Amino acid sequence: MNVQELKHPGLKQWVEDAVALMSPDSVEVCDGSKAEYDRMIQITIDAGLATPLNSEKLPGSVLFRSDPSDVARVENRTYIASEREEDAGPTNNWINPAELKKIMTELYKGSMKGRTMYVIPFSMGPVGSDIAKIGVEITDSPYVVANMHIMTRVGTKVLEVLGSSGVYVPCFHSVGKPLGPGEKDQGQWPCAPLDKKYISHFPETREIWSYGSGYGGNALLGKKCLALRIASVLARDEGWLAEHMLILKITNPEGEVKYITGAFPSACGKTNLAMLIPILPGWKVETVGDDIAWMKFGKDGRLYAINPEAGFFGVAPGTNNESNRNAMESCKKNSIFTNCGLTEDGDVWWELIGHGAPGKEIIDWKGNKRPAPQSDKSPKGEEIAHPNARFTAPASQCPCIAKEWEDPAGVPISAFLFGGRRPKTIPLVNQAKSWIHGVFMGSIVGSEVTAAVISDQVGQVRRDPFAMLPFCGYHMGDYFKHWIKLGQSHDESKLPKIFFVNWFRKNDEGKFIWPGYGENSRVLAWIFDRCSGKGKAEETPIGFLPTLDAITRPQGVSETDMQEILKVDIDGWKAEIADVRKNHYPKFGDKLPKELYTELDAIEKRFNA
Ligand code: OXD
Ligand code: MN
């Protein structure tokens, strides 16, 4: 489709203005067809950016290698440009919106020369769902178009819902690498240097402007930018929740079904939990979403969640048939791999994939030939796949996708989980005493830093409230307030119950006590039962903990181990509370709701009682 055929006058004008600013050689409005996807992939293959993979092992799949300077989300180049700095809050970067638009307009001038501008109408959530939102991304990257095809619903059907006056979130994206006459990418991933990259959000006008990066959340603007940063602002204003949460469907042996959502900071096994294979006989766990949940109240007063995405953008290293067989199956075909190793037989390889690589050589993520690894580990410090290498796979290919994953009405949520990597103190599972206590739990979520995140802070606990720190489009203190307000304005008995889980407790030798993965279904079963008013628990100063016999023990976990991970570590909690009081809550200044200090005081008092 060409721009002239657009039926929405505002959208047409916006595209025409962008064309005048960015000067692409040509413009295409995406229709979302398979033919279009195939064409995008062919364009990237012809430009030397994509390598087709072995058509028997990974049919319809390709591998990309990005520039080494463009391998992850760039949090220090990500901006919440609200009118007032205090509305962005202390945990977001801020630039005055007019000033930022001026800087970026200069960068966008002629930035698409030599390239095609693609106009991608996309829906976050099933097309036409009341909970869904429409965005339109303008990009000069066919890699982005292909990824958006998998991660969102794209094309003509979205324009039909938008009609001639519908509301959409306008999203600009340019890789920031115009081409001179006759110039081609020739295998060189196009992007701009770090100090020219901007991932900008304008919360009042609900706009997204991204420049200089072609990678992941910086460029696939439906995901973190729209579905979390902008949507969190919409949710605050409209009385719903846009959260960094997976969505699970759980069925017990009696056939009863419950849905739960869960927020975990990066590197805590969220995708693995979203696709868990339960070891408990008779229990079934299915996936509705692995990263983001949008939740609105139904007429019955319950919260209903949709997964706004249509695919998985999963971290490859560490994914194998033991840790996540369903993810391995999901990316067996029609998938896009980025920054993985390439084996001699045209297969992908990454650290902890579960096997060595065939043949003599392998090509690493930087395009260098290296000796093929015999085991599933690379030489230390010389990864063959980048630690943030990714697979983009259609959710519909997931063997455990729930049949209602695209239900436009969403699924009713019974429980929220919060979690993090906490080697000490935080028990295996703990149920909040009330909504406000649960909000308190969410506000202090923390996770031990692993080498994959920030190497110079390994072992320290980094607080990441609600796992939203990099994704909240406004002041986090106001975000806490929004959660508290929802509790106050709804019938608490119909709200999800809140739990804190921790699969990562370690013993004094530094070994994990709890085996995790499928064994976590033992904990999910207790949570499920608690939501039905069952499941044995004991009230403690920190919340409801399972009694020792309430959760069956996995092999290799002794009764003493179980006691250890289910007890209240009084000294550890006192230190935790002191840390929150001294180092965490003060960051939010006077926007930190007083109700949270009241919770903190109450827990402290219970210890001293
Ligand atoms: C992600 C993240 O990539 O949370 O989903 O970092
Ligand atoms: Mn995420």
Side-chain angles (χ1 to χ4, degrees), residues 245 248 250 252 256 258-264 273 280 283 302-303 413-420 422 424-446 466 483-484 487 490-505 513-514 519-554 557 559 561-574 576-577 580 595-596 598-609:
M245 289 182 171
L248 280 183
I250 308 178
N252 75 2
E256 287 168 65
K258 288 193 195 303
Y259 303 90
I260 65 174
T261 62
F264 297 80
L273 179 61
L280 281 184
W283 288 78
R302 294 193 69 188
L303 263 182
I413 300 303
S414 297
F416 291 142
L417 312 187
F418 295 115
R422 297 297 305 268
K424 298 278 175 221
T425 305
I426 309 299
L428 176 65
V429 56
N430 178 16
Q431 183 185 353
K433 291 171 190 259
S434 61
W435 178 264
I436 180 67
H437 181 217
V439 174
F440 164 79
M441 283 178 170
S443 77
I444 66 166
V445 165
F466 292 76
W483 268 80
I484 293 171
H490 290 87
D491 175 354
E492 189 162 335
S493 70
K494 293 187 180 161
L495 289 173
K497 306 212 173 338
I498 303 180
F499 298 81
F500 205 105
V501 296
N502 178 21
W503 323 127
F504 299 96
R505 284 289 293 268
I513 298 175
W514 183 256
E519 301 282 358
N520 293 340
S521 55
R522 298 176 194 272
V523 177
L524 295 181
W526 183 76
I527 291 170
F528 186 106
D529 287 345
R530 291 296 290 166
C531 293
S532 311
K534 294 186 276 186
K536 281 161 66 187
E538 188 189 348
E539 185 161 5
T540 77
I542 58 167
F544 291 99
L545 296 184
T547 53
L548 256 194
D549 57 346
I551 294 180
T552 53
R553 273 191 288 127
V557 177
E559 195 165 336
D561 288 337
M562 209 65 187
Q563 269 163 352
E564 179 63 24
I565 59 180
L566 288 179
K567 77 169 191 213
V568 182
D569 166 8
I570 295 178
D571 289 341
W573 271 96
K574 284 187 173 166
E576 181 83 2
I577 288 165
V580 170
E595 290 88 343
L596 294 181
T598 308
E599 278 302 304
L600 195 62
D601 293 342
I603 294 182
E604 199 162 37
K605 236 201 217 134
R606 292 200 284 270
F607 278 125
N608 296 328

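Everything quoted here is computed from the prediction, not taken from an experiment. Numbering of residues begins at 1 and proceeds along the displayed sequence.
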Practice item. Taking side chain to side chain contact (heavy atoms under 4.5 Å, CB included) as the test, write out the residues that go with Pro541, two or more places apart. Key: Arg606, Phe607

Check your understanding: With a 4.5 Å heavy-atom cut-off, do Glu576 and Ile444 have their side chains touching?
Key -> yes

**Study point:** Set of side chain to side chain contact (heavy atoms under 4.5 Å, CB included) partners for Asn608, sequence neighbours left out
**Key:** Lys574, Glu604

Practice item. Kindly write out the residues that satisfy ring-ring contact (aromatic ring centres under 6.0 Å, His included) with Tyr259, not counting sequence neighbours, or none if the list is empty. Key: none

Review point. Can any side-chain N or O of Asn430 pair as donor or acceptor with the backbone N or O of Ile542 at less than 3.5 Å?
Key: yes

Practice item. Among Asp549, Thr547, Asp529, find the residue that satisfies the side chain to side chain donor-acceptor pair (under 3.5 Å) test when tested with Lys536. Key: Asp549

Practice item. For Ser521, enumerate each residue passing the side chain to side chain contact (heavy atoms under 4.5 Å, CB included) test, keeping only those at least two apart in sequence or located in another chain. Key: Leu276, Pro278, Ile279, Leu280

Review point. Going by atom types alone, do Trp514 and Asn520 pair a side-chain donor with an acceptor below 3.5 Å?
Key: yes

Revision key, fill the gap. Taken in chain and number order and not counting sequence neighbours, the residues that satisfy side chain to side chain contact (heavy atoms under 4.5 Å, CB included) with Glu599 are Ile436, His437, Phe440

Point to revise | Nearest-0.5 Å distance that lies between atom CG in Leu303 and atom OG1 in Thr261 | key: 8.5 Å

Check your understanding: In terms of heavy-atom contacts, does CD of Glu492 have more than 12 from other residues, nucleotides or ligands at under 6.0 Å?
Key -> yes

Check your understanding: Any side-chain heavy atom of Trp573 sitting closer than 4.5 Å to one from Thr425?
Key -> yes

Check your understanding: Looking at side-chain heavy atoms only, is the closest gap between Arg422 and Arg505 below 4.5 Å?
Key -> no

Review point. Would Arg530 count as a cation-pi partner of Phe499, with NZ or CZ less than 6.0 Å from the six-membered ring centre and within 45° of the ring normal?
Key: no

Practice item. Can you spot which of Trp483, Phe466, Phe500 makes a ring-ring contact (aromatic ring centres under 6.0 Å, His included) with Phe416? Key: Trp483

Review point. Taking only residues two or more places apart in sequence, or in another chain, which ones meet Phe528 in a ring-ring contact (aromatic ring centres under 6.0 Å, His included)?
Key: Trp283

